[in-house]
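Structure record follows, encoded as structure tokens.
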Amino acid sequence: MRIRPRLRRRAAARPLHRVASAGVALLLAVPAYGCRPALTPPGAPTAWPTGQSRHWQWQWQLSGPLDPTVQADVFLLDPVATTAAETAELRSRDRRLICQVYVGSVRSTDPDASRFPHVVQGSTGPRPDSRWLDVRGWDALEPVLADRFRLCRGKGFGAVALADADGYAFRTGFPLDFDDQLLFNRRLAELARSLSLSPGLVNDVPQLAALAPDFDFVVNEECVRLAQCAKLLPFADAGKPVFHVEYAGSTDDFCVTTVGYGFASIRKDRALDASREACPLP
């Protein structure tokens, strides 16, 4: 997982009415998980009813033993490490399941690494022992990524979150530009839908406004610390879930911002194990 390099201390500026709504949300929020409104059970592909977009609690776990008892409606998991038995247990609890698929990079230890031609592998990537992929090479990448999506679907996931879908903003070894990435990401959203998966984005903040019509949800890291929360509003204002995480600070400090924006926010360690601290939801 890539950590954003720039530090900014001030939270994103936000309109006064959003701050006021945040305070009301926190005052009225009911902390008991079982007392919240009943949520629509997931389907395939996972549905995200706009009227419920502010009511999801979520969990992001990519390391350590999976804890299926976490009081969350949505689980974002590694499709390789997660077993079909684990997803079946979560689905029996009416949990929505999102698999995280790395679409813009490949690691030498990935089970399908040998399927990526050398010509589409570029500079050192954001994860250990990884390389960026040339997203312009759709014909070479599409069959492999389609099989990654099929793995998700076969294990019972109903949605897919695209990670490393912003290579254009980094030194990949290829002359990628903004439009190259837009085209690639839109193609992946269409591919996911063709395989009965709901598509979402991990980060890629500069493109969210352009891609909001194409994707069903967004996963964001540290928009408060990086002063980027306002840039997620194209999703929130469209009634699409914004699953947000901070790795530092107190929920007492950042929840007032993110709940006011309508995000589902949690605090986690960077290891993304089972531990979490959730913001209350309205």
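Only this structure's heavy atoms are used, side chains among them; waters, hydrogens and symmetry mates stay out.
At least one side-chain heavy atom of F116 sits under 4.5 Å from a side-chain heavy atom of L133. Using a 4.5 Å cut-off on side-chain heavy atoms (C-beta onward), E86 and L90 make no contact.
Using bins of under 30°, 30° to 60° and over 60° for the plane-to-plane angle, the ring pair Y168/F178 lands in the perpendicular bin. Taking the six-membered ring for Trp and thresholds of 30 and 60 degrees, W48 and W56 have ring planes more than 60 degrees apart, a perpendicular arrangement.
Residues passing the side-chain hydrogen bond (donor to acceptor under 3.5 Å, both in side chains) test with E142: none are found, sequence neighbours excluded.
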Query raised in the report: Checking side chain to side chain donor-acceptor pair (under 3.5 Å) for the pair Y247/E222: CA distance, chi angles, key distance, verdict?
Result: CA-CA 7 Å; Y247 300 119; E222 300 189 288; over 6 Å; no
Requested in this report: Just do the side chain to side chain donor-acceptor pair (under 3.5 Å) check on S265 and T258 with the steps written out, would you?
Outcome: CA-CA 7 Å; S265 293; T258 58; 2.8 Å; yes
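Judged as a side chain to side chain donor-acceptor pair (under 3.5 Å), the pairs with a partner in residues 172-183 (not counting sequence neighbours) are, in order, Q181-N185. Applying the side chain to side chain donor-acceptor pair (under 3.5 Å) definition to pairs two or more places apart or across chains, those involving residues 271-282 are Q57-R276, T251-E277, D273-S275.
Between the R150 side chain and the R148 main chain, no donor and acceptor come within less than 3.5 Å of each other.
Taking a cutoff of 4.0 Å between a charged side-chain nitrogen and a carboxylate oxygen, R193 and D216 qualify as a salt bridge. Taking 4.0 Å as the cut-off between side-chain N and carboxylate O, E190 and R186 do not count as a salt-bridged pair.
Geometrically, R127 engages Y102 in a cation-pi contact, judged by NZ or CZ lying under 6.0 Å from the ring centre and within 45° of the ring axis.
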